[in-house]
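Heads up: the structure comes next, in structure tokens.
Read the numbers this way: they start at 1 and go in the same order the structure lists the ligands and their atoms. All values derive from a computational prediction rather than experimental measurement.
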Amino acid sequence: CNLLACSQTAKPANQQSWQTQIQGGSRQSPIDIRSSESVHDPQLTPLSISYDPSDCLQIWNNGYSFLVEFDDSKDNSVVSGGPLENHYKLKQFHFHWGAENNRGSEHTINSLVYPAELHLVHWNAEKFRTFDEAIFSENGLAVIGVFLKLGRKHDGLQKLVNALPAVKYKDSTVEFSNFNPSCMIPSCLDYWTYPGSLTTPPQTESVTWVIMKKPIEFGDDQLSAFRSLLFTPFGEKLENMVDNFRQQQPLMNRVVRATIL
Ligand SMILES: Cc1cc(C)[n+](CCc2c[nH]cn2)c(C)c1
Ligand SMILES: [Zn+2]
């Protein structure tokens, strides 16, 4: 996929109050992906991604991001292939973004920051019975990361953006149905993959990360809608939900593998 990609450059993210180095963590996320040090692995097969829009249930402001949650009781919204030994069920997706356009993504590419990053969180339903069990287990989770860059308005995302005022406050939820997250997967399926962790507590080292190489585009007004959400519940001091990304973690003894499709 040798499409030209352009993007912003900026300094890596700033430190957040609860940013802690998990005790003894050897595979923490996020990281800076240095393309020249990644290893091309010809055995990495294409990802197989299949989502059923009827599995989409609701949007929830959890005081850190907004989560679009899916019904994981069936096997309709799954990812497999690539670095994954099993099929993983979609549980939720959410975003990380900055207060300003020069920061927001959790992962970076050669220190290049994007204004936002999408995470599609899946759990290994062949090996574990529940999401909560998978969170604490080796090979429990697979998170697909997609970078967002500013440009043309993203038509598929607008349905989600229109629902955000209903979840402005922490702990608010709104019914949200018939949304297909496939519209946010880039057409080029090249990716990097590495073993890592959740980027918020419990920061468990149970995640196989799959970071798509090409960003998707979205509009300034859509990013502004993300920034209009609040970290705080109704009735408390208004704190805009921005800069909800973790600072980068050491690579330690890990290799990032890459596809060249
Ligand atoms: C129990 C649990 C709690 C949280 C915040 N998350 C999200 C953590 C996260 C967000 N972006 C990357 N990891 C998951 C997946 C499970
Ligand atoms: Zn995330």
Side-chain angles (χ1 to χ4, degrees), residues 12-13 16-22 25 27-33 57-72 77-79 84 88-98 103-109 113-125 127-148 157 160 167 170-173 181 184-185 191-212 215-216 218 223 226-227 229 231 241-249 254:
Q16 282 194 3
S17 56
W18 50 260
Q19 297 286 355
T20 54
Q21 181 63 37
I22 192 165
R27 49 174 281 185
Q28 287 291 294
S29 297
I31 60 171
D32 177 40
I33 294 169
L57 295 175
Q58 64 177 17
I59 306 175
W60 171 41
N61 177 333
N62 72 348
Y64 178 71
S65 183
F66 63 93
L67 311 184
V68 180
E69 300 184 295
F70 284 72
D71 171 5
D72 59 355
S77 295
V78 293
V79 63
L84 306 174
Y88 289 64
K89 287 188 185 179
L90 178 64
K91 176 70 178 170
Q92 50 103 328
F93 70 80
H94 61 272
F95 298 81
H96 303 261
W97 60 92
R103 58 184 191 268
S105 64
E106 295 211 303
H107 293 87
T108 52
I109 310 301
V113 178
Y114 284 91
E117 182 174 335
L118 161 66
H119 287 160
L120 294 136
V121 180
H122 311 73
W123 61 279
N124 188 333
K127 285 203 170 139
F128 307 107
R129 280 177 305 104
T130 63
F131 175 63
D132 290 335
E133 183 188 348
I135 290 168
F136 295 95
S137 307
E138 178 87 24
N139 299 320
L141 300 180
V143 183
I144 297 177
V146 180
F147 294 116
L148 283 84
L157 203 52
L160 176 53
V167 288
K170 179 177 191 286
D171 295 331
S172 52
T173 63
M184 302 184 295
I185 300 291
Y191 60 84
W192 289 285
T193 182
Y194 78 97
S197 74
L198 297 180
T199 65
T200 65
Q203 290 160 343
T204 44
E205 298 182 336
S206 54
V207 180
T208 299
W209 281 95
V210 176
I211 307 291
M212 305 313 289
I216 58 171
F218 72 143
L223 180 49
F226 286 16
R227 292 172 174 156
L229 295 167
F231 279 131
M241 185 181 276
V242 293
D243 294 332
N244 56 355
F245 52 86
R246 188 187 191 190
Q247 102 262 24
Q248 302 210 319
Q249 305 295 310
R254 287 180 285 182

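- Remark: the Tyr194 side chain and the His107 side chain contain an N/O donor-acceptor pair separated by less than 3.5 Å.
- When only interatomic distances are considered, the shortest N/O to N/O separation between His96 and ligand 1 falls below 3.5 Å.
- A side chain to side chain donor-acceptor pair (under 3.5 Å) with Gln28 is found for one member of Arg246, Gln249, Gln203 and no other, namely Arg246.
- The protein heavy-atom contact nearest to atom 13 (N) of ligand 1 is Thr199 N, 3.0 Å.
- The His119 neighbourhood of ligand 1 comprises atoms 11 (N), 12 (C), with distances under 4.0 Å to a heavy atom of that residue.
- Ring geometry for Trp209 versus His119: interplanar angle over 60°, hence perpendicular rather than tilted (30 to 60°).
- As for His96, its N/O/S atom nearest the Zn ion (ligand 2) is the one called NE2.
- Between Trp97 and Phe226, the distance separating the two ring centers is shorter than 6.0 angstrom.
- At a 3.5 angstrom cut-off on N or O pairs, Trp209 does not count as close to ligand 1.
- Looking at Glu69 and Gln58, their side chains do bring a donor and an acceptor atom within 3.5 Å of each other.
- The nearest heavy-atom contact from the protein to atom 15 (C) of ligand 1 is Leu198 CD2, 3.5 Å.
- Distances shorter than 4.0 angstrom do not occur between any heavy atom of Arg246 and any atom of ligand 1.
- A distance of 9.0 Å separates CD of Glu106 from CD1 of Ile211, quoted to the nearest 0.5 Å.
- Within the 4.0 Å heavy-atom criterion, the part of Ile135 lying near ligand 1 is the side chain and not the backbone.
- Within His94, the N/O/S atom positioned nearest the Zn ion (ligand 2) carries the name NE2.
- Annotation: side chain of Trp123 is not in contact with side chain of Val121 (no heavy-atom distance under 4.5 Å).
- Under 4.0 Å from ligand 1, the heavy atoms of His94 that appear belong solely to its side chain.
- Checked against the Zn ion (ligand 2), the N, O or S atom of His119 at the shortest distance is ND1.
- For atom 7 (C) of ligand 1, the nearest protein heavy atom (residue, atom name, distance) is Thr200 OG1, 3.8 Å.
- Side-chain atoms of Ser29 come within 3.5 Å of backbone atoms of Ser197 as a donor-acceptor pair (strictly under, hydrogens ignored).
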